[in-house]
Amino acid sequence: MGLGNPGRKYDGTRHNVGWWALDHLADVWRFAPWRHEGDALVADGEVAGERARLLKPQTYMNLSGVAIRPYMRRLEFSGLHNLLVLVDEVAIPIGTLRLRAAGSAGGHNGLKSIESTLGTRDYARLRIGIAPADGSRPPGDLADFVLDHFSPEERDAIAAQLPKVAEAVECWAREGVA
């Protein structure tokens, strides 16, 4: 599951990095085309010999958890084992990835929504750094920062990370988060 906001207004913003990553994965893995299903766009395919689904919630960020409700009704679904959330992270520098099995939302409204829906913090997340490369706190209002567009240099830094994102997701699919 990649987090982002729907609409042209948000294309290319820092908050939509989760969607960028899923678009890369769908392309590299040659998944079926994106299609609407419930409150999400989905693409199906195979990763590491297993069926997989990529999911882009079509709600706004703070309602991202709504898109996983249908999966929670399935007996075989476990947020702990079947869900990896790809999300922007303002607390780590651009060009940095952080894979964790659990943890807090860290103020991220999309993760808060997922935690609320799942009723737990125990689900894997791959945080994609969007903070300034020097590790400093982003300037100004945080909401304005995450909803702003990347500079060309920042776009290049994110694009350079996408193959590593694919490796991390493939590793998670084969071996789990540990």
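Below, all heavy atoms of this structure are taken into account, side chains as well, without hydrogens, waters or symmetry copies.
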Practice task
Before giving the answer on side-chain contact (heavy atoms from CB on, under 4.5 Å), spell out for N109 and Y60 the whole-Å C-alpha distance, their side-chain angles and the decisive distance to 0.1 Å.
Solution key: CA-CA 10 Å; N109 290 331; Y60 286 97; over 6 Å; no

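- The hydrophobic cluster containing L22 also contains F31, counting ILVMFWY residues as joined when their side-chain heavy atoms lie under 4.5 angstrom apart, directly or transitively.
- A 6.0 Å sphere centred on CZ of R30 holds no more than 12 heavy atoms belonging to other residues, nucleotides or ligands.
- Shown here are the ring pair (Phe, Tyr, Trp, His ring centres under 6.0 Å) partners of W19, two or more places apart in sequence or in another chain: there are none.
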Practice problem: Test side-chain contact (heavy atoms from CB on, under 4.5 Å) on Y10 and H15 and set out the steps. | Solution: CA-CA 8 Å; Y10 300 104; H15 229 11; over 6 Å; no

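- A salt bridge does not link R100 with E89: every distance from a Lys NZ or Arg NE/NH1/NH2 to an Asp or Glu carboxylate oxygen is 4.0 Å or more.
- When every heavy atom of L97 is checked against every heavy atom of L126, the shortest pair comes out as CB-CD1, 4.2 Å.
- When hydrophobic clusters are built by joining Ile, Leu, Val, Met, Phe, Trp and Tyr residues whose side-chain heavy atoms come closer than 4.5 Å, directly or via intermediates, I94 is grouped together with L99.
- By the 4.5 Å heavy-atom criterion applied to side chains, Y123 and L111 are counted as neighbours.
- Atoms NZ and OG, on K56 and S64 in that order, are 13.0 Å from each other to the nearest 0.5 Å.
- Taking every heavy atom of both residues into account, Q58 and P6 meet most closely at O-CG, 3.4 Å.
- Under the 4.5 Å side-chain criterion, counting only non-hydrogen atoms from C-beta, V146 is not in contact with M61.
- The side-chain heavy atoms of W29 and E46, taken from C-beta on, include no pair separated by under 4.5 Å.
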- Message: Walk me through whether R69 and D39 qualify under salt bridge (Lys or Arg N to Asp or Glu O under 4.0 Å).
- Response: CA-CA 10 Å; R69 285 182 185 158; D39 290 309; over 6 Å; no

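- With contacts defined as side-chain heavy-atom distances shorter than 4.5 Å, the pair T117/Y71 does not qualify.
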Checking side-chain contact (heavy atoms from CB on, under 4.5 Å) for the pair I128/Q161: CA distance, chi angles, key distance, verdict? CA-CA 9 Å; I128 302 168; Q161 287 299 103; 5.5 Å; no

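- We find the CG-CG distance between L55 and L84 to be 12.0 Å, quoted to the nearest 0.5 Å.
- F150 has its side chain out of reach of D156: every pair of non-hydrogen atoms, C-beta onward, lies at least 4.5 Å apart.
- From N82, atom CG reaches atom CZ of R53 across 12.5 Å, with rounding to the nearest 0.5 Å.
- Both V17 and V90 are part of a single hydrophobic cluster, where members link through side-chain heavy atoms under 4.5 Å apart.
- At least one side-chain heavy atom of M1 sits less than 4.5 Å from a side-chain heavy atom of I114.
- In this structure, the side chains of L86 and V169 come closer than 4.5 Å at one or more pairs of heavy atoms.
- The minimum heavy-atom distance linking A21 with V165 is given by the pair CB-CG1, 4.0 Å.
- In this structure, the side chains of V28 and L162 stay at 4.5 Å or more apart for every pair of heavy atoms.
- In this structure, CG in D11 is found 9.5 Å from CH2 in W20, a value given to the nearest 0.5 Å.
- A donor-acceptor pair is defined here as one N or O able to donate and one able to accept, closer than 3.5 Å; no such pair exists between the side chain of R35 and the backbone of P33.
- No continuous path of ILVMFWY side-chain contacts below 4.5 Å connects V87 to L41, so the two sit in separate hydrophobic clusters.
- Two different hydrophobic clusters hold V85 and V66 under the rule that ILVMFWY side chains link at heavy-atom gaps under 4.5 Å.
- Of all the heavy atoms in S136 and A131, the pair that sits closest is O-CB, 4.3 Å.
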- Task: Apply the test side-chain contact (heavy atoms from CB on, under 4.5 Å) to residues D148 and D144: give CA-CA distance (whole Å), side-chain angles for both, the deciding distance (0.1 Å), then the verdict.
- Result: CA-CA 6 Å; D148 196 7; D144 291 339; over 6 Å; no

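- Separation of atoms OG (S116) and CZ (R121) is listed at 12.0 Å; rounding is to 0.5 Å.
- To the nearest 0.5 Å, the span separating CG on L25 from CD on E170 amounts to 8.0 Å.
- Closest approach of A67 and P57 over heavy atoms only: CB-CB, 3.8 Å.
- Judged by distance alone, with hydrogens and angles left aside, the side-chain atoms of T13 form no donor-acceptor pair with the main-chain N or O of L147 at under 3.5 Å.
- The nearest pair of heavy atoms linking A26 to W34 is CB-CZ2, 4.0 Å.
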